[in-house]
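Below, chain A is the first sequence line, B the second, and so on; all start at residue 1.
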Amino acid sequence: MTLVPERLKALHSQSPERVAVYLQFAGRDDVPLTYDQLLCGASSYAHTLAREGIGPGEVVVLILQHGEDLVYSFWGAMLHGAIPSIMPFLTEKLSPERYRADLAALIGVTKPTAIITYPEFEADVRSALKDGDSIRAIILTDQVESQTELDFDSLQGFNRSVEDIVLLQHSSGTTGLQKGVALSHQAVFNQLDAYGSALALNENDVIVSWLPLYHDMGLIAGFLLPILTGIPLVLSSPFDWVRAPYRLMQSVSKYRGTLSWLPNFAYNFCAQKIRDRHIEGVDLSSWRAIINCSEPVRWEAHKAFYDFFQKYGLKWEVLHTSYAMAENVFAVTQSRLGSVPAVVAVDREAFMTERVAKDPFDGRPSMKMMSSGHALENVKLRVLDENGNDVAERVIGEIAIHSHCMLTGYYNRPDVTEKAFRDGWYLTGDYGFLCDGELFVSGRKKDMIIVGGKNVYPQDLETLTYEVPGVHAGRSVAFGMFDESQGTEEVVIIAEVDSDEPQEQQKVADALRAHVTKNSAIALRHVKVVGPKWIVKTSSGKTARSANKEKFLKELAENGES
Amino acid sequence: MDETIFASIEKYIASQVLKQPNRKIARDEALISSGLIDSFSLMDLALFVEDTFGVRIEDTELNAETFDNLAQLVSLIDSRK
C-alpha cells in the first residue's frame with residue numbers, strides 16, 4: 001500500500017520536469033507547474049507547518065482562492081502528515097458575518113490547529129476565533145519560506161500509516177461544515193485504482209476541470225486523480241468558468257483534453273450561453289469522456305449539449321455518467337466507456353405512485369431516465385426497502401453501498417457516522433433502482449437541495465428566513481424545484497407573514513431574498529410571501545417541505561405562472 | 001435614449017432573472033454585490049446587452065467593480081456604443 005507522499009515522490013523521481021498542472025486565470029497566461037515545482041512549493045508549506053509547531057495528524061484548514069498557494073498548501077499539508085481541509089473562500093455575495101459564523105462552526109467540530117490564508121484575510125479569520133479554541137497558528141501565504149531543494153527525509157508525512165486520515169471533505173453551509181468526511185490514504189488509492197480502471201486511464205489523457213476543490217467532484221476527479229496518477233491537469237476556477245463557460249472548450253481544444261467532469265446543469269448552461277463566435281476554430285474531438293455527476297443526470301441535458309457542440313467535433317458516445325459521493329471518496333458507479341449510458345422510458349404514474357420503473361403502456365405519459373452506470377469493481381450496490389430488505393429490479397428503494405474506499409468516519413462525529421451505516425452498509429439517502437446491473441438514481445430520501453452541483457440543506461435556509469423581520473420561527477419552508485431548462489434544482493422559499501397586504505408582502509420578499517442570499521451564497525429563484533395559515537404544518541420538517549412544495553406547485557400550475 | 005436602455009434592462013432583470021415581472025429596480029440599487037443577480041445570470045445579462053445594444057462586456061468585467069447598478073451599466077453601454 002502507498003501513502004500520498006510516497007506516490008508524489010515516485011512521480012517526481014520518474015520525471016520532475018513533467019507538468020502536473022496548468023493553472024488558468026481569467027485575463028492572464030496559463031501557469032504550468034511541473035512536479036518539481038509542485039513538490040518544492042508543497043514542501044515549503046510542509047516546513048512552515050513544522051516551524052509553527054503543527055503536528056502530523058492535525059487538521060489544517062485552507063482558506064484560499066484558486067491559485068498556486070491553494071495547490072501548494074494542500075499537498076504541503078499532506079507532505080507534513082497533516083490533514084488538509086479546503087474551506088470555500090469568502091465571495092462578494094456572502095456576508096462576512098455569516099462566513100465567520102460558518103468558520104466558527106467548522107472549528108468547533110473539526111478542531112483544526114492551523115488555518116492558512118492570505119495576509120489580507122487574516123483579520124476576518126481572527127475575528128472568527130474564540131479563546132480556548134483549537135487554533136494554534138494562522139499561517140499567512142507571505143510567511144512561507146520557499147524551498148528550492150527537495151529534502152524528502154525531512155518531511156514527516158512519510159511516517160504515516162495507510163489507515164491514517166489523509167484529508168477531510170466538507171459540504172457547504174452550517175450543517176455541511178459540521179460534517180467533515182474523513183478519508184484515509186488507503187481509501188483514496190483504492191478509489192483511484194478502481195475508478196482509473198473503469199475509465200481506462202492512459203498516458204494520452206489530459207484532464208480539464210473548472211470544478212471547485214472544496215467539492216468532491218473537483219477535489220477527487222479534478223485534482224487528486226490526475227496529480228496522483230501523472231495525468232496532466234488543466235485547472236481553472238468556477239468563478240471564471242461561470243462568466244466564460246466557453247473557456248472550457250478552448251482549453252480542451254488547446255491542450256487536447258480527454259476527460260472532464262460536469263454537473264448536469266453545466267451541460268444546459270454551456271449549450272444555452274456559449275455562442276459560435278466564442279469558440280471559432282475550436283476542436284473538441286479529443287474529448288473521450290465527459291462525465292455527468294453530482295446532480296441528477298438528465299438525458300435531455302446531454303442531448304442539448306451534443307446538439308450544440310457536435311459541429312465542433314464532439315462525439316455522442318463520449319457523454320457519460322457517474323454516481324458519486326464524498327463518503328466513497330468519489331465514484332460509486334460509472335457508465336461503461338465505449339458504449340452510452342442506458343436510457344429507459346418509464347411509466348410516469350407507476351413511478352410516482354407505485355415506486356416502480358415500469359415500461360410505458362397504453363400510450364400513457366412516460367419519462368426518460370438515464371443510467372448512472374455500473375458499480376466500480378470494488379463497490380457492491382444494493383437497493384433496500386424501509387426494512388432493509390433488497391427490492392426487486394426496477395423497484396425504487398434506498399441505495400446502499402459497501403466498498404473498500406469508504407470514509408473512515410465523519411470527523412469527530414461518531415454519532416453521525418454510526419447512523420449512516422446499517423450492518424456495514426452505508427445508507428446513501430438517495431433513492432434509485434437497478435436495471436440490468438445499471439443504477440438509476442431517482443430522488444433523495446435525505447432532505448437536501450442540489451443547486452448547480454452544490455448541496456444545500458433546507459433547514460439552514462429556513463433558519464436564515466427567521467432572521468428577517470416579519471417572518472416568525474417555524475413559519476417558512478425551503479425546498480428545491482427541478483427546472484428542466486436549467487437542468488438543476490432551483491431554490492424556493494415560502495414564508496408566512498401576519499399581513500395580507502401585497503405591498504407589505506413584497507417588502508418582506510425583497511428582504512428575504514437579500515438576507516438569505518447574503519448569508520448562504522445561494523441565489524433564490526422563487527420567493528413567495530403568503531398571508532396567515534397558508535403554510536401546511538406537519539410534525540416533521542421533511543413532510544412539511546414536501547406538503548408545501550405540492551401546494552406551491554399546484555398554485556403555480558393553476559395561476560399559469562412560471 | 002438612456003431611458004430606453006434603462007427600461008429595457010430593468011425589464012429583462014425583473015422578468016428573466018428575478019422572475020418577478022413587476023419588480024421595480026432603482027438606478028442605484030446594488031445588483032451584483034447584493035446577490036440580486038447571481039453569478040449564473042451574469043453571463044445572461046452580458047449576452048442580453050450584447051444582443052440588444054451591440055456592446056460587448058468581457059468576462060473579466062462581469063463583477064461589481066465594473067458595474068453594480070443600472071446607472072453604472074447604462075453608462076458603460078453608452079461609453080461603448
Should M43(B) and K273(A) be marked as a side chain to side chain contact (heavy atoms under 4.5 Å, CB included) after you check the CA-CA gap, both sets of side-chain angles, and the distance that decides it?
CA-CA 7 Å; M43(B) 194 175 169; K273(A) 299 183 193 205; 4.0 Å; yes
From CA spacing to verdict: side chain to side chain contact (heavy atoms under 4.5 Å, CB included), L18(B), R513(A):
CA-CA 10 Å; L18(B) 303 176; R513(A) 194 185 283 277; 4.2 Å; yes
D510(A) and R23(B): CA distance, side-chain angles, deciding distance, side chain to side chain contact (heavy atoms under 4.5 Å, CB included) verdict:
CA-CA 10 Å; D510(A) 279 359; R23(B) 172 78 148 77; 3.2 Å; yes
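When heavy atoms are compared at a cutoff of 4.5 Å, D68(B) does not approach chain A at all. With a 4.5 Å cut-off on non-hydrogen atoms, S33(B) touches chain A through its backbone but not through its side chain. Proximity to chain B (any heavy atom under 4.5 Å) is shown, for H515(A), by neither the backbone nor the side chain. Only the side chain of F269(A) comes within less than 4.5 Å of a heavy atom in chain B; its backbone stays farther off. If you measure heavy-atom distances from Y246(A) to chain B, the contacts under 4.5 Å come from the side chain alone. In this structure, no portion of R28(A) lies under 4.5 Å from any heavy atom of chain B. Using a 4.5 Å cut-off between heavy atoms, L62(B) contacts chain A through both its backbone and its side chain.
Taking a 6.0 Å sphere around CD of E484(A), one finds it holds more than 12 heavy atoms contributed by other residues, nucleotides or ligands. Enclosure of atom CG in D51(B) by more than 12 non-hydrogen atoms of other residues, nucleotides or ligands within 6.0 angstrom is indicated.
Between the R275(A) side chain and the L47(B) main chain, no donor and acceptor come within less than 3.5 Å of each other.
Nearest heavy-atom pair, T60(B) versus A26(A), reported as atom, atom and distance to 0.1 Å: CG2-CB, 3.7 Å.
For the pair R247(A) and D59(B), the minimum side-chain heavy-atom distance is below 4.5 Å.
Taken to the nearest 0.5 Å, the CG atom of D44(B) stands 8.0 Å off from the CD atom of Q272(A).
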